[in-house]
S.K.: 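My questions will all concern the structure given below.
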Amino acid sequence: MEKFFGSANVPKPFRNAAVALGNFDGVHLGHVHIISKTIELAKKMGGPSVVYTFNPHPVRVLAPESCPPLIQTIEQRMALLEDMKIDFCVVENFTHDFAQQTAEQFFERILMARLGASAVVVGYDFTFGRHRGGTIELLETLGKKHSVEIVAVGAQFVGDLLLSSTEIRHFVATGRVEEAGKMLGRSFAVEGRVVAGKGLGGYLGAHTANIESKNELLPGNGVYLSATNTLKGGRKRWPSITSIGHNPTFPGEPLSIETHLIGFEGDLRGETISIEFLEKMRDQIAFPSVEKLHEQIVKDVEHARRWHEKNHTL
């Protein structure tokens, strides 16, 4: 997948392009449906598949106080799009000036003049242009005028729940990572660089990698069954157990994300790792003594080991 940061940096309009428009935060199953349809149309027309997205999120620019924490970093989003075999990704720098374009101007200046769109695929609730004045109906009208095929993908559901980034954020923030994973089509993951901790993990009998998260959205405080992806010595996915929170046994501690990689020996400091949250084990609680905390950690690690063996993640 070739990336362009800014549509002005696309050297010339694509030919017969099928373009997926959206923020695609999370690249959840609803987004996957839109992107898969885009790839299908591109093959049909003999042109490239293009994802056109924004960074930062438009709400962060236009109403920052209302912007929710994003599910992914831009790097995570790009990696998932690349895995889907998209030909090109155009990441537009969203600014106040950019937001002043009318829907008609956006269609003609960006979709037509810069991207060469022959088909455009959007979600059922997509809006565009100044003051979100561009509706699906207007998009279809502009498509007819310029001979561009418009496909609006209907709402998608997981069971009886509407598939949405908002629902996923709620599930993650409340520790319901399994439900979030069902909507994402994969486990929710947090990336970060391993930094030096206070050494409490080793002292308590379970060495941990402490990370500085790049992600805005984090699971609710608790202890989670997880899988941790490392690059050191070749990419590998380790069964793990991860604690996130303020460690209430030691009052005044800052928020920390600590993962214990089962079977791993070595030093990961300085490496960027990715932690997949599979299932919540328990809440973080204050223990009456360090000894009681140690006893619980031993039980947690053993429980995690048995769980990973049963689920074949070892």
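Every heavy atom of this structure was used, including side-chain atoms; hydrogens, water molecules and symmetry mates were not. For this chain, numbers begin at 1 and follow the sequence in order.
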S.K.: Can you find a side-chain donor-acceptor pair between Gln284 and Ser243 that sits under 3.5 Å?
M.R.: yes
S.K.: Is the backbone N or O of His33 less than 3.5 Å from a side-chain atom of Ser36, with the two atoms forming a donor-acceptor pair by type?
M.R.: no
S.K.: Out of curiosity, Phe157 CZ to Leu163 CG, how far, rounded to the nearest 0.5 Å?
M.R.: 9.0 Å
S.K.: For Tyr224 and Glu279, run side chain to side chain donor-acceptor pair (under 3.5 Å): C-alpha distance rounded to whole Å, both residues' side-chain angles, the deciding distance at 0.1 Å, then the answer.
M.R.: CA-CA 6 Å; Tyr224 294 84; Glu279 183 180 305; over 6 Å; no
S.K.: Using only atom types and a distance under 3.5 Å, with no angle test, would you say the side chain of Glu216 pairs donor to acceptor with the backbone of Leu70?
M.R.: yes
S.K.: Under the salt bridge (charged side-chain N to carboxylate O under 4.0 Å, His left out) rule, collect the residues that match up with Lys43, sequence neighbours excluded.
M.R.: none
S.K.: For the pair His57 (side chain) and Asn23 (backbone), establish whether a donor and an acceptor sit closer than 3.5 Å, ignoring hydrogens and angles.
M.R.: no
S.K.: Between Ser213 and Asn215, is there a donor-acceptor pair closer than 3.5 Å when you use the side chain of the first and the backbone of the second?
M.R.: yes
S.K.: Check whether any side-chain N or O of Thr53 sits under 3.5 Å from a backbone N or O of Gly22 as a donor-acceptor pair, and report yes or no.
M.R.: yes
S.K.: Consider side-chain contact (heavy atoms from CB on, under 4.5 Å). Of Asn93, Val90, Val91, which one does Phe5 pass it with?
M.R.: Val91
S.K.: Return yes if some donor-acceptor pair links the side-chain N/O of Ser274 with the main-chain N/O of Glu191 below 3.5 Å, else return no.
M.R.: no
S.K.: I want to check something: taking the side chain as every heavy atom from C-beta on, are Thr242 and Val223 in contact at a cut-off of under 4.5 Å?
M.R.: no
S.K.: Could you go through the side chain to side chain donor-acceptor pair (under 3.5 Å) check for Asp87 and Ser49 one step at a time?
M.R.: CA-CA 5 Å; Asp87 294 315; Ser49 56; 3.2 Å; yes
S.K.: Should the pair Trp238 and Phe264 be assigned to parallel (<30°), tilted (30 to 60°) or perpendicular (>60°) ring geometry?
M.R.: perpendicular
S.K.: Is the shortest distance from a Lys or Arg side-chain nitrogen in Arg306 or Glu302 to a carboxylate oxygen in the other one below 4.0 Å?
M.R.: yes
S.K.: Is the closest basic N to carboxylate O distance between Lys280 and Glu178 below 4.0 Å?
M.R.: no
S.K.: Is it true that a side-chain atom of Thr141 and a backbone atom of Glu137 form a donor plus acceptor pair closer than 3.5 Å?
M.R.: yes
S.K.: Ignoring hydrogens and angles, tell me if any N or O in the side chain of His146 forms a donor-acceptor pair with the backbone of Gly143 under 3.5 Å.
M.R.: no
S.K.: Measure across Ala152 and Ile136 and return the closest heavy-atom pair with its distance rounded to 0.1 Å.
M.R.: CB-CG2, 3.9 Å
S.K.: Has the side chain of Glu92 got a donor or acceptor atom that lies under 3.5 Å from a matching backbone atom of Ser7?
M.R.: yes
S.K.: To the nearest 0.5 Å, tell me how far Phe24 CZ sits from Ile35 CD1.
M.R.: 5.0 Å
S.K.: Angle class for the Phe54/Phe106 ring planes (parallel below 30°, perpendicular above 60°, tilted otherwise)?
M.R.: tilted
S.K.: Determine, step by step, whether Ser226 and Glu276 satisfy the side chain to side chain donor-acceptor pair (under 3.5 Å) criterion, reporting the C-alpha distance in whole Å, the side-chain angles of both residues, the deciding distance to 0.1 Å, and the verdict.
M.R.: CA-CA 5 Å; Ser226 58; Glu276 301 172 35; over 6 Å; no
S.K.: Please walk me through it: do Lys3 and Glu82 pass salt bridge (Lys or Arg N to Asp or Glu O under 4.0 Å)?
M.R.: CA-CA 10 Å; Lys3 308 177 189 73; Glu82 188 153 16; 3.7 Å; yes
S.K.: Inspect the contact between Glu40 and Lys37 and indicate whether a charged nitrogen and a carboxylate oxygen are less than 4.0 angstrom apart.
M.R.: yes
S.K.: Would you call the rings of Phe94 and Phe98 parallel, tilted or perpendicular, taking 30° and 60° as the class edges?
M.R.: perpendicular
S.K.: So, using salt bridge (charged side-chain N to carboxylate O under 4.0 Å, His left out) as the criterion, who are the partners of Glu179 when residues are at least two apart?
M.R.: Arg176
S.K.: Would you indicate whether Glu65, at its atom CD, is surrounded by more than 12 heavy atoms from other residues, nucleotides or ligands within a distance under 6.0 Å?
M.R.: yes
S.K.: Check the pair His28 / Ile168 against side-chain contact (heavy atoms from CB on, under 4.5 Å), numbers first and verdict last.
M.R.: CA-CA 9 Å; His28 58 57; Ile168 291 168; 3.5 Å; yes
S.K.: Report the distance from atom CE of Met84 to atom OG1 of Thr38, rounding to the nearest 0.5 Å.
M.R.: 8.5 Å
S.K.: Measure the CG-OG1 distance between Leu261 and Thr208 for me, rounded to the nearest 0.5 Å.
M.R.: 10.0 Å
S.K.: Tell me whether Arg132 at atom CZ has more than 12 heavy atoms from other residues, nucleotides or ligands lying less than 6.0 Å away.
M.R.: no
S.K.: For the pair Val194 and Ile273, evaluate side-chain contact (heavy atoms from CB on, under 4.5 Å) and give the outcome as yes or no after the intermediate values.
M.R.: CA-CA 7 Å; Val194 179; Ile273 63 175; 3.8 Å; yes
S.K.: Is the backbone N or O of Gln100 less than 3.5 Å from a side-chain atom of Arg130, with the two atoms forming a donor-acceptor pair by type?
M.R.: yes
